[in-house]
J.: 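Sharing a structure, written as structure tokens. Questions coming.
One-based numbering along the sequence shown.
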Amino acid sequence: MNHVLYGQLLGNPIIYLDDEMIHFPFAKINALVYYLLINQTVSREEMASLLWPDKTETSAKKNLRNTIYQANKTLGDDYIVSLANQILAWNDALPIELDVDHLLNDDPFNPDIYQDEFLHQFYIKGCERYDNWLNQMRRFYAHEFTKKLYAKVQHDIEQKNFAEVERYIHRLTSIDEFDEHYYQLLMNYYHQRGMYSKVIETYMHLSQLLNQELGITPTAETEAIYKETISEVQKSQHHKKNQLPDVYFSRPEAMATYEEVVDRFVSGNTAEVLLIYGETGNGKTEFVERMQQISTLDVLNVAITAKKMYAKNSGYVWDKWLTRLADVLQNCCEKEVSDSIDAIRYHALHQEHDKEVSYTQVDKVYQTLKPLLMNHKVIVTIDQFEQIDVPSLKLMHLLVSDYDLPILFIWIGNGQTLPETQQIINQLRHTHFCHEIEIKPLTLHQTEHFITNLLENKQQTMPQAEKEAIYHFSGGNILFIHEMVNLYMKGQPITQLTDKMAASIDKQCSFLSQDGIELLETLALFQNGVTMPLLSSLIGLNLMPMKRELKELFRRNLIIEEAHQGALTIRIKAERIKHYFDEHQNKTLKKLMHGKIADTLIEHHGVYLTNTQDLSQIAYHLRHADRVLEALEYELAYLQHSLKFRHELFPVYNQEQTGTIETLNFTPAEVEERLEMIQQELTAIENSREVDIVFLKLELRFLYIQGRYFIRIGSYEGGIDNILAVIVKAKEINESDYLLRAYFQMIYYCIQMNKPEDMQHYVQFAFDLAVQLNDYESIGVILRLKGLQEIMVGEISLAEAHLKESIKMLTINPALETKYAINLAAAYDYLSEIALIRENYTESIALQEVALDYIKGKDIPSSDVVLSLDMGIALFAIGDYQAAQTYLDRALAVSKNLNFFWRRPQLLAFIAINSLFLGDVDKGYHHLVACQEFLKPLSKANKRDRGILYWLKAMILVNEETAQLLSGTAKSLLDSKEEDFYIEQAEKNLSPYRDAYERKVLFSNIKNK
């Protein structure tokens, strides 16, 4: 008797011999068997080359012979035979059965024969042609299967044989998830069955899939099915109350869950609960009304609304739903049920001496309702469920848990329930009687779509920024979006709280204690989150009461916890609720509270807030407490910290001196807006009160900060006017601290503008003042600046002596060295420059390494730019262009994140020439263009900056290799000038002292030409 060989090839491949699974000793036997099962015959040469493409013909054929032998040995017979010693084939005498043959030939078609793709997960390493054959066959059998299955599904739908239709279509989409025909088939099936929410869910899923993966939208045919469904839904509505636009139907998951729960309830025989929750105003009630309107199921709908005013009346909701049930039964069945219903009202069930309704009484309810509801399914919808009285809820809980009444309770609430109510809900969850749907706020995209729909009917539009503002304030809450759009159309402020908005928040905050309300009122006064110690200090609650109140606020989803700068803070979650509690406070009390917050922050500065933002927070609260002068003082301190951190070339002090300070990403526009605001406030104070010393010091500080900022960004004229005004006013009121600071700023200005003569005067003024004040540390800093000034005029030896003296003074002890690390880095940078001028390049690099070590781990980006640039130049000088590029690129990357332009032309020029020396033409050309653009108009650039651009162009032309690299458009950047022109202009504009290296390397290239 012959054994039967069966090949399961669709899915994970398995070979059976009389129902026994066969395991071949190595994978290439499997590959040979599978190939022959499909193709029936194959030449030895072809099979050998398929399985051993990297072997010689002799070796491959030898391997093939062994493989055939092992295959037949494992199968126990000569299943693979050789015809004329050239062709391999299956032995006709041995019976073989294949699942692929059943797929292609069986009638009727059996969809379950296709378990997965052909030879699922089978792979032979290094056999590309075999792999190509595998993929070809996988496509072929998948196509044959989907074609047959698609036809079967169509036939089943026509014959209304729906049992497996949905499963079969999902099999089609799992094979090709981008074939819209399958989704159209599924949507049409759902539409035919009246399952409109499923149509919408499928459409939303397809739209998201196509957009995310392919960047396209569904075809017109798919869109038509969707629109027809929406039209059917709208036609089925019995009333137009609170009608929302079609965007409302973008809740496919919620709709599908609702339909699933209701379908299961209708087909079953037990009581259940569906809890629908979400923020007040998110459209929960509208959602349920719409789902009930489009439903074609034969059920009785009983709808009631719980009221806050009756929340403490025991049995109120119980009696109310029974009354409504009696009305519904009377209307639909013409049954007289009032006597029966009266017998199970709460007062009839509850005995005065008992705390709870007894089990016997609950059984009485069951025995009364069961015959009344025979042949009926009842959906009892209770809106504003958070207001339900606990005794009514307990009765419903017992009915659901212990009896098989055909009742589905749908509870619609905002989640702001009493603890006892929440406990019963948790019990129902635990016993799986409670299903849940969360109605979430709209996303930004949905909000935009919603607003567009609302405005279309009014033939109005809204800017994108306004839509985003509405979303930010509303948090995607439908009621608030609707109200804010109405305000916008009326030309009123969109954050103005309407009565509906206020009522919605009132409802959301129901049952809060007075302490809970006070916590929210306090949190509403802050711009951002509040730390627990600060909140506790302001509220005055002990730990345990505070814990209880916060726990309740977290449970109600009114507040959230966030990590900020390493500290945990608490804030009101929704902007609209924060706005509500801020607006509803007494103005006088708000001023007092803002003042208390500011005083508490000042008293504990660095405890509750540990970054620069604490200064801004104090200023904010002082301003709202009408303490304007104090507010300005902290606003200026905040601005000063921020600007010093971002714009100082070599800050006088290491930042460790002033604590940990946060990097603030101010744009120039933001800085100037703040400066303008402070200027206006100072002017208003000056016009409204007598000027005193406090005001004069504030004005002095403002002029200094504004001037320093303008100098740093290159707005020299305005900046210098401010600093000179500081010098005059500081002398008038004997404010030596700001006088010394102003001298420093004038020195920095002279450095940037290459004005060594003027710099010498201000260095001497600063030095004399520091000596007069016996300010030893400032003297050390000024000696460093004195050394720089001497480099600028060519007094190299004298400069070296002053720089070393500065280093000596600032390294007397470790504490002083740490404090002035940035100044020491600058001193070594200038010593490195001296070494470069003297052509001691190795020494220059070593000194630059010391400078870089001093700023390591210190977030001083402006110093990092300068030191990295100078190290790049030193490495360029020794011809290590690759290492130079690393430092130059780093300098540019850091400088781009700053409003810092000092030495930018020099940096761009060296990147350009260094890139060309490395053969990177594109990068060289790009930075040549950048340098030229940066200095437009060239006539207004300072002399050294003009010189560096001319130097770059001269360097390109005098070096034969770089000159040849640039051609065509790139060559036009050289303005068709001869190299002598650029050499002459470079020599004329470059400093003979500070640019000594650039001049030397240029003339060295000329000499070598």
J.: How about Tyr277 and Phe385: are their ring centres within less than 6.0 Å of each other?
T.: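 Aromatic pair excluded; centres sit 6.0 Å or further apart.
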
J.: For the pair Tyr366 and Asp404, evaluate side chain to side chain donor-acceptor pair (under 3.5 Å) and give the outcome as yes or no after the intermediate values.
T.: CA-CA 9 Å; Tyr366 171 70; Asp404 58 354; 2.8 Å; yes

J.: So does Ile424 get a backbone contact from the side chain of His397, meaning a donor-acceptor N/O pair under 3.5 Å?
T.: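 No.
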
J.: May I ask you to check whether over 12 heavy atoms, not counting those of Gln423, lie within 6.0 Å of atom CD?
T.: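 No, the 6.0 Å shell around CD holds no more than 12 heavy atoms from other groups.
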
J.: Does Thr600 reach the main-chain N or O of Lys596 with its side chain, forming a donor-acceptor pair under 3.5 Å?
T.: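 Here the side-chain-to-backbone pair exists.
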
J.: Could you grab the distance from atom CD1 of Ile451 to atom CD of Glu448, nearest 0.5 Å is fine?
T.: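 Ile451 CD1 to Glu448 CD: 7.5 Å, rounded to 0.5 Å.
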
J.: Under 6.0 Å between ring centres, would you say that holds for His621 and Phe526?
T.: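 They qualify: ring centres under 6.0 Å apart.
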
J.: If I take atom CD from residue Gln496 and atom CD from residue Gln492, how far apart are they, to the nearest 0.5 angstrom?
T.: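 Atom-to-atom, Gln496:CD and Gln492:CD are 5.0 Å apart.
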
J.: So which heavy atom on Ala348 is nearest to which on Ala343, and how close?
T.: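 Reported closest heavy-atom pair: CB-O, 3.6 Å.
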
J.: Any idea which heavy atoms bring His435 and Arg264 closest together, and the distance?
T.: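 Minimum heavy-atom contact is CE1-NH2, 3.0 Å.
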
J.: Is there a side-chain contact between Val317 and Met396 (heavy atoms, below 4.5 Å)?
T.: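 Yes, close enough: below the 4.5 Å cut-off.
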
J.: Does Cys509 reach the side chain of Leu558, with side-chain heavy atoms less than 4.5 Å apart?
T.: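 Counting from C-beta outward, Cys509 and Leu558 do come under 4.5 Å.
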
J.: Going by heavy atoms in the side chains, are Glu466 and Ile494 under 4.5 Å from each other?
T.: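 Answer yes - side chains close enough.
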
J.: Begin from the C-alpha positions of Lys198 and Glu259 and carry the test salt bridge (charged side-chain N to carboxylate O under 4.0 Å, His left out) through to its verdict.
T.: CA-CA 9 Å; Lys198 287 281 192 178; Glu259 202 162 69; over 6 Å; no

J.: If you draw the axis of the six-membered ring of Phe265, does the NZ or CZ of Lys377 fall within 45° of it and under 6.0 Å from the ring centre?
T.: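 The answer is yes; both the distance and angle limits are met.
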
J.: When rounded to the nearest 0.5 angstrom, what is the spacing between OG1 in Thr498 and NZ in Lys490?
T.: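 Answer for the OG1-NZ pair, Thr498 versus Lys490, is 8.5 Å.
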
J.: Hydrogens and angles aside, do Asn557 and Lys573 bring a side-chain donor and acceptor to less than 3.5 Å of each other?
T.: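 Checked: Asn557/Lys573 side chains pair up, N/O donor to acceptor below 3.5 Å.
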
J.: Tell me, do Tyr316 and Tyr346 make a side-chain contact under 4.5 Å, heavy atoms counted?
T.: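 They are not in contact (no side-chain heavy atoms under 4.5 Å apart), so the answer is no.
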
J.: Looking at every heavy atom in both Gln367 and Pro371, which two are closest together, and how far apart are they?
T.: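 The answer is O-CD, 3.1 Å.
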
J.: Does the side chain of Leu372 reach to within under 4.5 Å of the side chain of Ser340, using non-hydrogen atoms?
T.: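 Contact flag for Leu372/Ser340 side chains = yes.
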
J.: Could you label the plane-to-plane angle of the His624 and Tyr620 rings as parallel, tilted or perpendicular, counting under 30° as parallel and over 60° as perpendicular?
T.: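 Ring orientation of His624 relative to Tyr620: tilted.
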
J.: Check step by step if side-chain contact (heavy atoms from CB on, under 4.5 Å) holds for Ile382 and Ile410.
T.: CA-CA 6 Å; Ile382 303 176; Ile410 297 180; over 6 Å; no

J.: Could you tell me whether Lys284 and Glu279 make a salt bridge, using a distance below 4.0 angstrom between a side-chain N and a carboxylate O?
T.: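 Looking at Glu279 together with Lys284, the answer is no, because their closest N to O distance does not fall below 4.0 Å.
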
J.: List the steps and the verdict of side-chain contact (heavy atoms from CB on, under 4.5 Å) for Leu329 and Leu325.
T.: CA-CA 6 Å; Leu329 289 172; Leu325 175 64; 4.0 Å; yes

J.: Under the side chain to side chain donor-acceptor pair (under 3.5 Å) rule, what do Ser504 and Glu483 come out as? Steps first, then yes or no, please.
T.: CA-CA 11 Å; Ser504 172; Glu483 291 293 293; over 6 Å; no

J.: State, with a plain yes or no, whether a side-chain heavy atom of Asn486 is found less than 4.5 Å away from one of His482.
T.: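 Asn486 reaches His482 side chain to side chain.
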
J.: Hey, what do you get for CD1 (Ile304) to CD (Gln384), rounding to the nearest 0.5 Å?
T.: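 So the CD1 of Ile304 and the CD of Gln384 are separated by 11.0 Å.
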
J.: Look at the side chain of Trp318 and the backbone N and O of Ile344, then say whether any donor-acceptor pair between them is shorter than 3.5 Å.
T.: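 Yes, because the side chain of Trp318 sits within donor-acceptor range (under 3.5 Å) of the backbone of Ile344.
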
J.: For His584, enumerate each residue passing the ring pair (Phe, Tyr, Trp, His ring centres under 6.0 Å) test, keeping only those at least two apart in sequence or located in another chain.
T.: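 Ring pair (Phe, Tyr, Trp, His ring centres under 6.0 Å) check on His584 returns Tyr580.
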
J.: About how many Å separate OG of Ser358 and CG of Leu349, when rounded to the nearest 0.5 Å?
T.: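 Rounded to the nearest 0.5 Å, the CG-OG separation comes out at 8.0 Å.
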
J.: Please check: side-chain N/O of Gln585 versus main-chain N/O of Phe581, any donor-acceptor pairing under 3.5 Å?
T.: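 Confirmed, Gln585 side chain pairs with Phe581 backbone.
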
J.: Under 3.5 Å, is there a donor-acceptor pair between the Glu166 and Tyr190 side chains?
T.: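 There is such a pair between these side chains.
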
J.: Tell me if a side-chain donor or acceptor on Ser401 pairs with a main-chain N or O of Leu398 at a distance below 3.5 Å.
T.: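 Judged by distance alone, no pair lies under 3.5 Å.
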
J.: Mind checking salt bridge (Lys or Arg N to Asp or Glu O under 4.0 Å) for Lys590 and listing every partner two or more places apart, or none if nothing turns up?
T.: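 In terms of salt bridge (Lys or Arg N to Asp or Glu O under 4.0 Å), with neighbours along the sequence ignored, Lys590 is linked to Asp582.
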
J.: Closest approach of Lys320 and Thr305, non-hydrogen atoms and distance?
T.: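 Heavy-atom minimum between the residues: NZ-O, 2.8 Å.
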
J.: Which distance, rounded to the nearest 0.5 Å, do you find between the CG of Asp327 and the OG of Ser338?
T.: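 With rounding to 0.5 Å, CG (Asp327) is 10.0 Å from OG (Ser338).
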
J.: Charged N to carboxylate O below 4.0 Å: is that the case for Arg548 and Glu552?
T.: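 Salt bridge between Arg548 and Glu552, a charged N being under 4.0 Å from a carboxylate O: no.
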
J.: With distance as the sole test, does Glu386 use its side chain to make a donor-acceptor pair with the main-chain N or O of Asn414 at under 3.5 Å?
T.: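 Pair found, side chain donor or acceptor close to backbone of Asn414.
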
J.: Could you go through the side-chain contact (heavy atoms from CB on, under 4.5 Å) check for Leu538 and Ile597 one step at a time?
T.: CA-CA 7 Å; Leu538 294 169; Ile597 293 169; 3.7 Å; yes

J.: Give me the one residue out of Val530, Thr531, Leu535 that meets side-chain contact (heavy atoms from CB on, under 4.5 Å) with Pro533.
T.: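 Testing each of Val530, Thr531, Leu535 against Pro533, the sole residue satisfying side-chain contact (heavy atoms from CB on, under 4.5 Å) is Thr531.
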
J.: Using the six-membered ring of Phe473, assess whether NZ or CZ of Arg576 lies under 6.0 Å from its centre and within 45 degrees of the ring axis.
T.: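 Checked: cation-pi criterion not met.
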
J.: Keeping Asn477 on the side-chain end and Thr280 on the backbone end, is there a donor-acceptor pair under 3.5 Å?
T.: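 Checking the backbone N and O of Thr280 against the side chain of Asn477, a donor-acceptor pair under 3.5 Å is found.
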
J.: Within the distance-only criterion (no hydrogens, no angle test), does the side chain of Thr569 pair as donor or acceptor with the backbone N or O of Glu562 below 3.5 angstrom?
T.: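 Yes; judged by distance alone, with no hydrogens or angles, the pair exists.
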
J.: Apply side-chain contact (heavy atoms from CB on, under 4.5 Å) to the pair Tyr403 and Lys370, showing each step before the final yes or no.
T.: CA-CA 10 Å; Tyr403 297 97; Lys370 187 166 185 178; over 6 Å; no

J.: Going by atom types only, do Thr285 and Asp383 share a side-chain donor-acceptor pair under 3.5 Å?
T.: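 Asp383 and Thr285 do have a side-chain donor-acceptor pair below 3.5 Å.
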
J.: For atom CG of Asn586, decide whether the heavy atoms of other residues, nucleotides or ligands shown that lie under 6.0 angstrom number more than 12.
T.: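 Result for CG/Asn586: enclosed.
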
J.: Using only atom types and a distance under 3.5 Å, with no angle test, would you say the side chain of Asp389 pairs donor to acceptor with the backbone of Ser392?
T.: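 Checking the backbone N and O of Ser392 against the side chain of Asp389, a donor-acceptor pair under 3.5 Å is found.
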
J.: Would you say the side chain of Val378 lies within less than 4.5 Å of the side chain of Val299, judging by non-hydrogen atoms?
T.: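 SC-SC contact between Val299 and Val378 ruled out.
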
J.: Stepwise, does the ring-ring contact (aromatic ring centres under 6.0 Å, His included) test hold for Tyr189 with Phe162?
T.: CA-CA 9 Å; Tyr189 162 71; Phe162 298 132; 5.7 Å; yes

J.: Hey, is NE2 on His170 packed in by over 12 heavy atoms from elsewhere, all under 6.0 Å?
T.: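 Enclosed: over 12 neighbouring heavy atoms sit under 6.0 Å from NE2 of His170.
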
J.: Within a strict 4.5 Å, meaning less than it, do heavy atoms of the Glu561 and Arg571 side chains meet?
T.: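 SC-SC contact between Glu561 and Arg571 ruled out.
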
J.: Do side-chain atoms of Thr447 reach the backbone of Thr443 as a donor and acceptor pair under 3.5 angstrom?
T.: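 Yes, because the side chain of Thr447 sits within donor-acceptor range (under 3.5 Å) of the backbone of Thr443.
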
J.: Please evaluate residues Thr417 and Gln422 with respect to the criterion side chain to side chain donor-acceptor pair (under 3.5 Å), reporting the C-alpha separation (whole Å), side-chain torsions for both, the decisive distance (0.1 Å), and the verdict.
T.: CA-CA 6 Å; Thr417 55; Gln422 192 62 46; 2.9 Å; yes

